[in-house]
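Step one of this worksheet: look at the structure below.
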Amino acid sequence: MTTREVEHEITVQADAADVYRLLAEVENWPRLFPPSVYVDYLERDGNEERIRIWATANGEAKNWSSRRTLDPDALRIRFWQEVPAPPVAEMTGTWIIEPLGERETRVRLLHSYRAIDDDPEGLSWIDAAVDRNSRAELPGLKANLELSAHDAELSLSFEDSVRVEGAAQDLFDFVNEAQLWTERLPHVDKVELIEDTPGLQTLRMDTLTKDGSTHTTESVRVCFPHRKIAYKQTTLPALLALHTGYWTFEEGPDGVTTATSQHTVVLDAANIGKVLGPEAGVPEARRFIREALGNNSRATLNHAKEYAEARR
């Protein structure tokens, strides 16, 4: 039985405790790992966890379940996929966080794996995939860890909510059926929705802005009937380096539903002057994004409210 052990590492300008926390809290992953769309907990028992990960691979959305063991004292996180995909027979990994100084940390990523039937070609394929993925993943992780640790003013999270005299299912359907948004939402000019796997969508649309121009965005959406739709934009407007969010629908015992749109964004500092003019800075960009995204969200929520209340 041939087990291969490999290691990749990168040095990050951030505090080791912050790095560990950001990796340990899986809700951070869509902002740390470019392919990651949404991560949710399936089970949690002390430092043992089962998580489900939705991510893009070669342009397609995939999902799988993994187990993790957290060791906050040693700053280590061990992980393994529950059902490896062929040619992998078994694969485990470990994140090791090592402080080098007050604001410098070494991040080591270890993998241990073997191929089905010890097949040499299978093992060679896994070698290449692990090396390619790790080399691609670590620089993006470094950039996003440093951004999260140092540039808090570039990050912004907010939400808008409406109370609806209607069912959560009708509100969910309105947001889920995005292929109908050109008929239902005046600010949507063009839309394309692909859903090859139920509940896993790719949404591409052109949105009208106040000045009459359009901007094109593409998102991967993960849908949980009839309570939540989480998404990550994979094609972004120029002002943003990251945009994730979710829609939630919480129906009370009185039949009144609270519908909420949440956004988390990271501004692209290099593009602020290009988009908003040379006098604009981070405060102006924060206000602009809050208003622009908030206006679209509130418009969608209010149209969804009308739709759900008419069906009651």
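Computed over heavy atoms, backbone and side chain alike; hydrogens, waters and symmetry mates excluded.
Within the structure, the ring-ring contact (aromatic ring centres under 6.0 Å, His included) test picks out the following pairs touching residues 201-227 (sequence neighbours left out): Y38-F224, W54-F224, F172-H226. Within the structure, the ring-ring contact (aromatic ring centres under 6.0 Å, His included) test picks out the following pairs touching residues 269-312 (sequence neighbours left out): F174-Y307.
At distances below 3.5 Å, not a single donor-acceptor pair connects side-chain atoms of D151 with backbone N or O atoms of L154. Judged by distance alone, with hydrogens and angles left aside, the side-chain atoms of D254 form a donor-acceptor pair with the main-chain N or O of V256 at under 3.5 Å. With hydrogens and angles disregarded, a donor-acceptor distance shorter than 3.5 Å links the side chain of T257 to the backbone of G166. In terms of modelled atom types and a separation under 3.5 Å, the side chain of S148 and the main chain of N144 share a donor-acceptor contact. Side-chain atoms of T105 come within 3.5 Å of backbone N or O of A14 as a donor-acceptor pair. Proximity of a side-chain donor or acceptor of R312 to a complementary backbone N or O of E165 within less than 3.5 Å is detected. Not a single donor-acceptor pair under 3.5 Å links the side chain of K232 to the backbone N or O of L242. Of the possible polar contacts, none joining the K228 side chain to the Y246 backbone as a donor-acceptor pair under 3.5 Å is found. The main-chain N or O of D127 is never found under 3.5 Å from a side-chain atom of D131 such that the two would form a donor-acceptor pair. Not a single donor-acceptor pair under 3.5 Å links the side chain of R4 to the backbone N or O of A115.
Every residue meeting the side-chain contact (heavy atoms from CB on, under 4.5 Å) condition with E146, not counting sequence neighbours, appears here in chain and number order: V12, Q13, K142, H150. With sequence neighbours left out, S157 forms a side chain to side chain donor-acceptor pair (under 3.5 Å) with T264. The side chain to side chain donor-acceptor pair (under 3.5 Å) search around R76 returns none, not counting sequence neighbours. Applying the ring pair (Phe, Tyr, Trp, His ring centres under 6.0 Å) rule to H263 yields the partners F158, H243; only residues at least two apart in sequence or on another chain are considered. A search for ring pair (Phe, Tyr, Trp, His ring centres under 6.0 Å) contacts involving Y113 returns nothing, not counting sequence neighbours. In terms of the side-chain contact (heavy atoms from CB on, under 4.5 Å) criterion, residue partners of P84 (sequence neighbours excluded) are, by chain and number, V88. With sequence neighbours excluded, no residue satisfies side chain to side chain donor-acceptor pair (under 3.5 Å) with R286. Remark: R287 engages no residue in a side chain to side chain donor-acceptor pair (under 3.5 Å) (not counting sequence neighbours). T234 meets the side-chain contact (heavy atoms from CB on, under 4.5 Å) test with E218, V220; sequence neighbours excluded.
Looking at heavy atoms from C-beta onward, D268 lies out of side-chain contact with L240 at the 4.5 angstrom threshold. You'll find the side chain of I51 reaches within 4.5 Å of the side chain of W29, heavy atoms only. The shortest side-chain heavy-atom distance between L185 and T300 falls under the 4.5 Å cut-off. Considering only heavy atoms from C-beta on, V107 stays 4.5 Å or farther from E9 through its side chain. Residues R103 and D15 have side chains in contact (heavy-atom distance under 4.5 Å, counting atoms from C-beta outward). Side-chain atoms of L141 and L23, non-hydrogen and from C-beta on, do get closer than 4.5 Å to each other. Annotation: side chain of D45 is not in contact with side chain of E43 (no heavy-atom distance under 4.5 Å). Between R114 and L123 there is no side-chain heavy-atom pair separated by less than 4.5 Å.
The heavy-atom pair separating A16 from L75 by the smallest distance is CB-CD1, 4.0 Å.
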Task: side-chain contact (heavy atoms from CB on, under 4.5 Å) between V26 and R68, intermediate numbers included - done: CA-CA 11 Å; V26 297; R68 301 202 307 166; 3.3 Å; yes
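The environment of CD in E250 is sparse: at most 12 heavy-atom neighbours from other residues, nucleotides or ligands sit within 6.0 Å. For R135, the CZ atom is loosely surrounded, since the number of other residues' heavy atoms within 6.0 Å does not exceed 12. The local environment of CZ in R163 is sparse, with at most 12 non-hydrogen atoms from other residues, nucleotides or ligands closer than 6.0 Å.
A salt bridge is absent between E48 and R67: the closest approach of a Lys/Arg side-chain nitrogen to an acidic carboxylate oxygen does not fall below 4.0 angstrom.
Rounded to the nearest 0.5 Å, atoms CD1 (I96) and CD1 (I77) are 11.0 Å apart. Here K274 contributes atom NZ and L239 contributes atom CG; the two are 11.5 Å apart, rounded to the nearest 0.5 Å.
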Could you give the side-chain donor-acceptor pairs of residues 189-201 under 3.5 Å, partners two or more places apart or in another chain?
{"residue": "E195", "atom": "OE1", "partner": "Q201", "partner atom": "NE2", "Å": "3.1"}
{"residue": "E195", "atom": "OE2", "partner": "G199", "partner atom": "N", "Å": "2.7"}
{"residue": "Q201", "atom": "OE1", "partner": "R221", "partner atom": "NE", "Å": "2.9"}
{"residue": "Q201", "atom": "OE1", "partner": "R221", "partner atom": "NH2", "Å": "2.8"}
{"residue": "Q201", "atom": "NE2", "partner": "N176", "partner atom": "O", "Å": "3.4"}
{"residue": "Q201", "atom": "NE2", "partner": "N176", "partner atom": "OD1", "Å": "2.9"}

